[in-house]
Amino acid sequence: MSLRHLTLAALCVAVSACGTLQPPQAWQRGLLAKPEMRLDGDPLQQRFDQHIQMSKENASGGTGVGGGGCGCN
């Protein structure tokens with residue numbers, strides 16, 4: 001078998017394995033509900049990080065809409 005065929009076979013196995021995921025069981029939901037398991041992290045830490053970045057960059061905005069605080073939107 002060539003490397004191309006082997007790579008294609010491995011890719012097919014990996015993609016087909018993604019479709020067999022099951023939802024979390026009842027005993028796993030307790031672990032997933034913990035604050036440290038959040039994808040976006042701690043909201044207070046995010047605000048602190050944004051404040052530090054805004055202070056260092058000397059600009060406001062740029063986190064959700066166009067423009068960097070210069071008024072040129």
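Heads up: numbering here begins at 1 and tracks the sequence. Owing to the predicted nature of the structure, the values given are computational and were not obtained by experimental measurement.
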task: Report the residues that fulfil side-chain contact (heavy atoms from CB on, under 4.5 Å) with Leu11, sequence neighbours left out, ordered by chain and then residue number.
output: Val15
query: Just checking, any donor-acceptor pair under 3.5 angstrom between side chains of Gln53 and Asp49?
result: no
task: Look only at the side chain of Gln45 and the backbone of Asp42, and say whether a donor-acceptor pair between them is shorter than 3.5 Å.
output: no
field: Distance (rounded to the nearest 0.5 Å) between Arg47 CZ and Met54 CE
entry: 9.5 Å
- prompt: To the nearest 0.5 Å, how far apart are CG in Leu3 and CG in Leu8?
  reply: 11.0 Å
message: Can you give me the closest heavy-atom contact between Gln28 and Gln25, atom names plus distance?
response: OE1-N, 2.8 Å
